[in-house]
Amino acid sequence: MASSQKHVFSLTGVLYQLERLEAHDQRSARPQDGHQGPQDSETDLEAKILKLRKLRDELRTKVKLHEAGARIPIANLEPYEPLKNSEENLKMKLEKAKAFFQAFHLTGLSGKLTTKGVCICFNTAFEGNILDSYYVDLIIKKPLQIHRHSVPVFIPLEQIAAKYLETNFQHFVYSLSEHLNGYSGRKYQADQLQCGFSAFLARPLQRNSLCTLLSFTYTMDPSGESFPFCARLVYQDLTTTLPTDVTITYQGTGATPASWENQRAVHETLFYKNALHKVFESFLRVRENFDCVSSVP
């Protein structure tokens with residue numbers, strides 16, 4: 001408990017320092033002696049303030065989670081005893097469970113007590129879009145047991161449970177949440193590409209059940225006059241929504257166009273750093289700008 005309090009105090013100290021820095025930057029950004037600073041300097045200060053605010057909000061969230069976790073550790077949830085629980089004990093367990101799930105609410109987790117334990121609901125999301133929800137129904141006794149669940153069969157639930165369920169329950173919850181959010185995020189991107197940008201696809205998108213391997217052939221020109229690209233995206237980390245390996249090859253029978261290598265390198269970087277549908281949104285903007293320029297007499 002002392003270590004948790006110490007960590008919380010250190011975080012609040014960092015928050016104080018960040019607020020001081022933000023206030024200093026705001027004062028620096030004001031015009032002094034009737035003269036305004038260069039525009040570039042103001043832009044830098046605004047960007048720095050936004051960055052500090054984002055970091056401050058993240059640290060505040062961590063403080064709340066640490067405070068709640070320190071008050072109500074999951075180990076305090078007593079084993080299920082159907083014949084010995086008095087009404088007072090049941091109320092105490094209910095309050096503990098509510099506090100525990102409130103601590104995780106900011107991460108998209110919620111739960112409720114059942115007759116034999118607790119049911120945890122994992123609400124997945126990507127870029128602010130609410131996606132699928134999954135549940136895990138646990139029996140609280142020694143050892144903890146998974147009674148039933150709706151987690152897809154290709155998510156390594158058994159391995160995660162064997163590693164963390166008994167030894168570190170909070171890590172079990174976080175790890176499973178990361179796997180589910182990673183899968184939902186990858187699936188969402190693939191669906192967006194297939195439904196929203198089918199005009200770019202020369203062939204249907206191919207993907208495996210976990211959406212850790214995506215392959216597709218696309219062109220920059222819907223008329224098919226431009227040379228095609230064949231992309232292969234691999235997600236080795238099951239908790240990530242960005243590929244760990246990108247391979248783009250030339251899909252054609254003729255010689256490789258002179259400008260192909262430059263475009264290939266640019267596209268590869270885009271796929272590494274951006275969500276899949278965001279890359280094709282940028283392709284669409286390039287095409288629209290080109291069409292506007294071409295239509296000008």
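Side-chain atoms are counted along with the backbone in the values below, which use heavy atoms only and exclude waters and symmetry mates.
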Residue pair [X] / [Y], side-chain heavy-atom distance below 4.5 Å:
X    : Y    : result
F122 : V173 : yes
R186 : F126 : no
R232 : L213 : yes

Are any side-chain N or O atoms of [X] and backbone N or O atoms of [Y], one a donor and one an acceptor, separated by less than 3.5 Å?
X    : Y    : value
S175 : H171 : no
N208 : T212 : yes
T244 : Q236 : yes
T239 : G182 : no
R264 : T249 : no

Are [X] and [Y] in one and the same hydrophobic cluster, where Ile, Leu, Val, Met, Phe, Trp and Tyr link if side-chain heavy atoms are under 4.5 Å apart?
X    : Y    : result
L157 : I140 : yes
L176 : I146 : yes
F283 : Y272 : yes
F154 : Y188 : no
V266 : V279 : yes

Parallel, tilted or perpendicular, as decided by the 30° and 60° cut-offs, for the rings of [Y] and [X]:
X    : Y    : value
Y183 : Y134 : tilted
F271 : H267 : perpendicular
F200 : F280 : perpendicular

Problem - Residue of the set L270, T241, L242, L214 for which side chain to side chain contact (heavy atoms under 4.5 Å, CB included) holds with L276 - result: L214
Handout entry: Identified side-chain hydrogen bond (donor to acceptor under 3.5 Å, both in side chains) partner of Q194 from the options H277, Q189, R207
Key = R207
Fill in the blank from the handout: So CG of L144 and CG of L165: to nearest 0.5 Å the spacing works out to 5.0 Å
Exercise for the section: Could you verify whether a donor N or O on one side chain and an acceptor N or O on the other, from N123 and S133, lie under 3.5 Å apart? Expected result: yes
Handout entry: Aromatic ring proximity F197/Y218, centre distance under 6.0 Å
Key = no
Exercise for the section: Using the side chain to side chain contact (heavy atoms under 4.5 Å, CB included) rule, take I160 and F172 through it: C-alpha gap first, then chi angles, then the decisive distance, then the call. Expected result: CA-CA 6 Å; I160 297 172; F172 165 76; 3.7 Å; yes
Handout entry: Chi angles and distances behind the side chain to side chain contact (heavy atoms under 4.5 Å, CB included) call for K141, Q145
Key = CA-CA 7 Å; K141 65 177 185 179; Q145 293 182 8; 3.2 Å; yes
Problem - E166 atom CD, neighbour heavy-atom count above 12 within 6.0 Å - result: yes
Practice task
Apply the test side chain to side chain contact (heavy atoms under 4.5 Å, CB included) to residues L201 and L193: give CA-CA distance (whole Å), side-chain angles for both, the deciding distance (0.1 Å), then the verdict.
Solution key: CA-CA 9 Å; L201 299 179; L193 172 59; 4.2 Å; yes
